[in-house]
2 protein chains.
Amino acid sequence: MASPSNSAKKQFNFDPRKFLATIGEGRKVVAFPKKQTIFTQGDAADSVFYIQQGKVRLSVVSKIGKEATLGILSEGEFFGEGGLAGQRLRMGSAAAMTDCELLQIDKKAMMLALHREHTFSDLFVAYLLARNIRYEEDLVDQLFNSSEKRLARILLLLAHFGKEGVPETVIPKISQETLAEMIGTTRSRVSFFMNRFRKLGFVNYGESGLQVHSSLLNIVLHD
Amino acid sequence: MASPSNSAKKQFNFDPRKFLATIGEGRKVVAFPKKQTIFTQGDAADSVFYIQQGKVRLSVVSKIGKEATLGILSEGEFFGEGGLAGQRLRMGSAAAMTDCELLQIDKKAMMLALHREHTFSDLFVAYLLARNIRYEEDLVDQLFNSSEKRLARILLLLAHFGKEGVPETVIPKISQETLAEMIGTTRSRVSFFMNRFRKLGFVNYGESGLQVHSSLLNIVLHD
DNA sequence: CGGAAGATGTTCACTTTTGCTCAGAATTGG
DNA sequence: CCAATTCTGAGCAAAAGTGAACATCTTCCG
């Protein structure tokens, strides 16, 4: 999975941050400590965020209180862009998973910049395309696969597979609860499959966190 | 659900087709009769389509041959835009559900136009935002709801609810098979729920096709 | 250090869903 | 018009997933 910032660089060969800086008034750098809420479902949707540092979790709560996690975003990604499409209110919540440094851009300033700056517009289009692809893949995954496969896929994605063949450490702390919310199942199910994966040698709990072995791909790829 | 073309018009106040016409070389109008394949999973992804007339179904086939329907698109929507984000091959298939008139735009021409024409770029961004929102909603629906609720939601969306309070006729022909592929369940399940909905008076098979009553919303909204 | 709060591992009775199969209805194309 | 498909409604056993409970483990702090 190419991250949006990477694909933007690859295709257009420039650094997003440089162009974001040219927006001028209507933007500001904001810091959020770990666990802090950035915005909540129901807030006014009058700005867009760009992640300079850290990880952000997007989630939604259903009428009956069930929670779902839509994604975990990292450096170089945008979020909260629903307002640009006319949504008045936030349809979900965003929270800092680590200490974060974000660029908060007013909706107005963002729309002006998109209309004025070719390169910025190119960047944002590249981001939206990448995000579309990711949502589409997540949806396909939900339509096709069992919860065991969905869990395996999310673990591989979180481990940044595809960079090197080397087993890489997953984001140090991610609870089974959050994993369950991402794949749409219960925590006890996640616990059950995690133990199975461990017994089969696909993952292991090292001191530096959870390690994912590429052989886990077998679960995803098999039939 | 606002269709992309509507939201583009609402926000930017212009007609997409006018600007698409300015692309010049690198685009052509193509017609597809009902049921014809437009492109197939695995084809080279070297162009983007814009729907001028008709309805198009996007689908994906899994390794084991299961099929999923990702969406049914209408006039004013783009599809096949994955290539713009660097995808070399089509990740799914597209087929005409009705006789269609499409605008096929070369990837190169599209990227040039996006970079050159402010208004075209604005239009495309609006489309991508709308599409993102729709995918996000579909994903949330999958994460939260049972197949019964997912079916009810899809029926309401297909019936264009929100336009008038009037019960509207669903797209004349949509098989239970396709419905099943859209919500990620089996056809027999769809059959079961459709009968239940009918017995409860939420839908009925009129001579003009399937009619959806707004009371079906109760199924979606009730805990 | 010692709670308190948060994670995790496990179990278990229930529900829901799947994956068939089969037979009748509705459509479609000669 | 008939024959061949393609839909549809049903039923059922097996599989998967749910929700809640409860007993450890860990971590975090005062």
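Each chain gets a letter, A, B and so on, in the order the sequences are listed, and its residues count up from 1.
One can place NZ of A:K35 at 11 Å from C1' of C:dA7, the figure rounded to the nearest angstrom. With rounding to whole Å, A:Y205 atom OH is found 12 Å from D:dT27 atom P. When rounded to the nearest whole Å, the span between NZ of A:K149 and C1' of D:dA15 equals 15 Å. Protein atom CD of A:Q142 is 15 Å distant from nucleotide atom C1' of C:dT17, rounded to whole Å. Rounding to whole angstrom units, CG of residue B:L143 and C1' of D:dT18 are separated by 16 Å. Between B:F144 atom CZ and D:dG17 atom P there is a gap of 19 Å when expressed in whole angstrom units. In this entry the distance linking CZ of A:R196 with P of D:dA16 reads 8 Å, nearest Å.
B:K55 and B:S74 share a side-chain donor-acceptor pair at under 3.5 Å. With 3.5 Å as the limit, one finds a donor-acceptor pair spanning the side chains of B:T178 and B:S175. Looking only at atom types and distance, the side chain of B:S47 has no donor-acceptor partner in the side chain of B:K107 under 3.5 Å away. Side-chain polar atoms of A:R57 and A:T69 form a donor-acceptor pair below 3.5 angstrom. Side-chain contact annotation: A:E77 with A:Y127, donor-acceptor N/O pair under 3.5 Å absent.
Of the side-chain N and O atoms in A:T185, one or more sit less than 4.0 angstrom from OP1 or OP2 of D:dT18. OP1 or OP2 of D:dA10 sits under 4.0 Å from a side-chain N or O of B:N195.
Residue order along DNA chain D, read from the 5' end via each residue's closest nucleotide, puts B:S175 first among B:S175 and A:E148. Toward the 5′ end of DNA chain D lies the nearest nucleotide of B:E177, the other residue of the pair A:R189 and B:E177 mapping further downstream.
Scanning atom types as modelled, one donor and one acceptor separated by under 3.5 angstrom connect the side chain of B:R187 and the base of D:dG9. The base of D:dG9 has none of its N or O atoms less than 3.5 Å from a complementary donor or acceptor on the side chain of B:R198.
Residue-level contact check: A:S191 touches the bases, meaning some heavy atom is under 4.0 Å from a base atom. Residue-level contact check: A:S188 touches the bases, meaning some heavy atom is under 4.0 Å from a base atom.
Listed candidates were C:dT18, C:dT8, D:dA10. Nearest to the side chain of A:Q176 is C:dT8. When each of D:dT8, C:dT10, C:dT17 is scored by its nearest atom to the side-chain atoms of B:S147, the top-ranked nucleotide is C:dT17.
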